[in-house]
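See structure below.
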Protein chains: 2
Amino acid sequence: MSHVRNVEQFRSSLRRFLHTKGLKSTRQREVVAESFLAATDHVSADELYRDISTQHPGIGYATVYRTLKLLKEAGLAAERHFGEGFARFEPLEPGQHHDHLICTGCGAIVEFENPDIESLQDRVAERHGFAIDYHRLELYGRCAKCRPKQTHS
Amino acid sequence: MSHVRNVEQFRSSLRRFLHTKGLKSTRQREVVAESFLAATDHVSADELYRDISTQHPGIGYATVYRTLKLLKEAGLAAERHFGEGFARFEPLEPGQHHDHLICTGCGAIVEFENPDIESLQDRVAERHGFAIDYHRLELYGRCAKCRPKQTHS
DNA sequence: GTAGCTGCAAATCATTTGCATAACC
DNA sequence: GGTTATGCAAATGATTTGCAGCTAC
């Protein structure tokens with residue numbers, strides 16, 4: 001889903017963000033951003049760090065965390081918590097949003113979008129006087145492969 | 001919403017659970033369970049510990065955590081993460097479920113239920129071959145009080 | 001009795017931060 | 001050239017665990 005992405009565009013978005021904020025565009029930040037995009041979606045900071053380490057042993061844990069935080073601020077990454085005790089991150093296509101189906105058997109994560117659900121959410125929020133900025137919807141269950149076979153007996 | 005609850009029923013559910021598992025019903029576990037029910041919904045372990053401390057200075061942090069874990073296993077408590085860096089817990093009415101509206105201004109948490117959203121979720125899951133066990137839906141935004149006043153200019 | 005608990009302190013794990021040095025603009 | 005970034009190591013904060021003594025069954 002988010003794999004079809006314009007790397008160049010992502011890179012320049014980041015540069016623009018850094019420039020606007022008076023921050024510097026460094027080799028490390030480019031490397032982290034690049035690896036982040038190249039990685040499977042929903043990497044943890046640790047996974048990303050390890051990925052990077054193989055090619056760039058110099059880059060430290062702290063830099064990975066610091067860069068991920070910047071990417072979030074730039075609106076280029078989203079932080080997710082799937083109840084594993086640590087965070088996972090995914091690249092964000094500007095203006096795009098999706099929710100997740102998580103298989104409690106094999107850990108597979110499937111992304112989906114559903115406008116009908118979203119408009120119902122808006123209606124609920126409105127009813128309570130809220131103005132929604134963002135939301136989180138996760139469905140936990142068993143994927144087709146992990147589903148226990150039907151008991152026919 | 002979950003404040004109207006039968007304390008006696010909760011207590012006996014816990015006892016039954018402990019007994020089935022060959023675990024013991026102790027004074028501390030009763031105290032923690034009691035305070036948990038008495039507390040405002042969505043307490044953190046820390047808040048609960050402090051609550052308890054005032055009446056029962058002997059009970060330690062570890063016991064609070066351990067009992068909360070038991071309550072989860074017993075299906076009597078749900079653990080929630082609202083992005084604060086720690087967990088919040090709420091008593092669970094058997095078979096009842098609800099979602100949350102969270103104000104990013106004042107931290108207010110409002111519970112809601114919406115069957116229409118739930119059935120759409122089921123349909124989405126089905127389409128992907130998933131069998132849903134549970135889900136999590138959180139809407140983040142500003143409540144009526146915290147909403148910036150409309151800019152009319 | 002004895003397996004299962006408790007309380008404390010120490011351990012763990014993810015994430016953050018202080019600081020001296022190094023890199024961008 | 002001065003400000004901001006990096007990399008390490010140490011700090012933090014939430015949660016867990018080891019262990020010696022205590023308690024329920």
**Prompt:** Are Val124(A) and Ile109(B) co-members of a hydrophobic cluster defined by side-chain heavy atoms under 4.5 Å apart?
**Reply:** no

**Request:** Work out which heavy atom in Leu18(A) is nearest to a heavy atom in Lys24(A); give both atom names and the distance.
**Result:** CD1-O, 3.7 Å

**Item:** Aromatic plane relationship, Tyr65(B) with Tyr61(B) - under 30° parallel, 30 to 60° tilted, over 60° perpendicular
**Value:** parallel

**Prompt:** Which pair of non-hydrogen atoms, one from Ala78(B) and one from Leu92(B), has the smallest distance, and what is that distance?
**Reply:** CB-CD1, 3.6 Å

**Message:** Tell me the bend of the helix from dG1(C)-dC25(D) to dC25(C)-dG1(D) as the angle between end helix axes, each from five pairs, rounded to the nearest 10 degrees.
**Reply:** 30°

**Message:** If you compare all heavy atoms of Tyr49(A) against all heavy atoms of Gly60(A), which two are closest, and at what distance to 0.1 Å?
**Reply:** CE1-C, 3.8 Å

**Prompt:** Should the ring pair His42(A) and Phe82(A) be called parallel, tilted or perpendicular, given that the plane angle runs from 0 to 90° and is split at 30 and 60?
**Reply:** perpendicular

**Complete:** Students should find that the nucleotides of DNA chain C closing off the region near chain B, any atom under 4.0 angstrom from a heavy atom, are dA3(C) to dC8(C)

**Request:** Look at the side chain of Thr104(A) and the backbone N and O of Gly141(A), then say whether any donor-acceptor pair between them is shorter than 3.5 Å.
**Result:** yes

**Request:** Could you walk me through whether Glu8(B) and Arg11(B) pass the salt bridge (charged side-chain N to carboxylate O under 4.0 Å, His left out) test, one step at a time?
**Result:** CA-CA 5 Å; Glu8(B) 215 30 78; Arg11(B) 219 194 313 239; 3.0 Å; yes

**Salt-bridge criterion met for Lys69(B) and Glu79(B) (N-O under 4.0 Å)** = no

**Close residues, residues 77-88 of chain A, relative to DNA chain C [heavy-atom separation under 4.0 Å]** = Gly85(A), Phe86(A), Ala87(A)

**Request:** Please list residues of residues 48-60 of chain B whose heavy atoms come under 4.0 Å from any atom in DNA chain C, ordered by number; otherwise none.
**Result:** Gly58(B), Ile59(B), Gly60(B)

**Request:** Is it possible for you to say whether Phe112(B) and Tyr134(B) belong to one hydrophobic cluster, with membership spreading through side-chain heavy-atom contacts below 4.5 Å?
**Result:** no

**Asked** Going 5' to 3' along nucleotides 18-25 of chain D, which nucleotides have protein heavy atoms under 4.0 Å from the base (write B), which only from the sugar-phosphate (write S), and which from neither (write -)?
**Response** B-----BS

**Request:** Could you walk me through whether Gln28(B) and Arg66(B) pass side-chain contact (heavy atoms from CB on, under 4.5 Å), step by step?
**Result:** CA-CA 11 Å; Gln28(B) 290 91 329; Arg66(B) 288 192 273 233; over 6 Å; no

**Item:** Shortest non-hydrogen separation from Phe36(B) to Leu76(B) and the atoms involved
**Value:** CE2-O, 4.2 Å

**Fill in**
When every non-hydrogen atom of Arg142(A) is compared with those of Cys146(A), the smallest separation belongs to CD-O, 3.5 Å

**Request:** Heavy atoms only: give me the nearest Glu138(B)-His81(B) pair and the separation to one decimal.
**Result:** OE1-O, 3.7 Å

**Prompt:** Taking only side-chain nitrogens and oxygens of Tyr65(B), does any of them come within less than 4.0 Å of OP1 or OP2 of dT16(D)?
**Reply:** no

**Asked** Looking at residues at least two apart in the chain, or sitting in another chain, which of them share a salt bridge (Lys or Arg N to Asp or Glu O under 4.0 Å) with Arg29(A)?
**Response** none

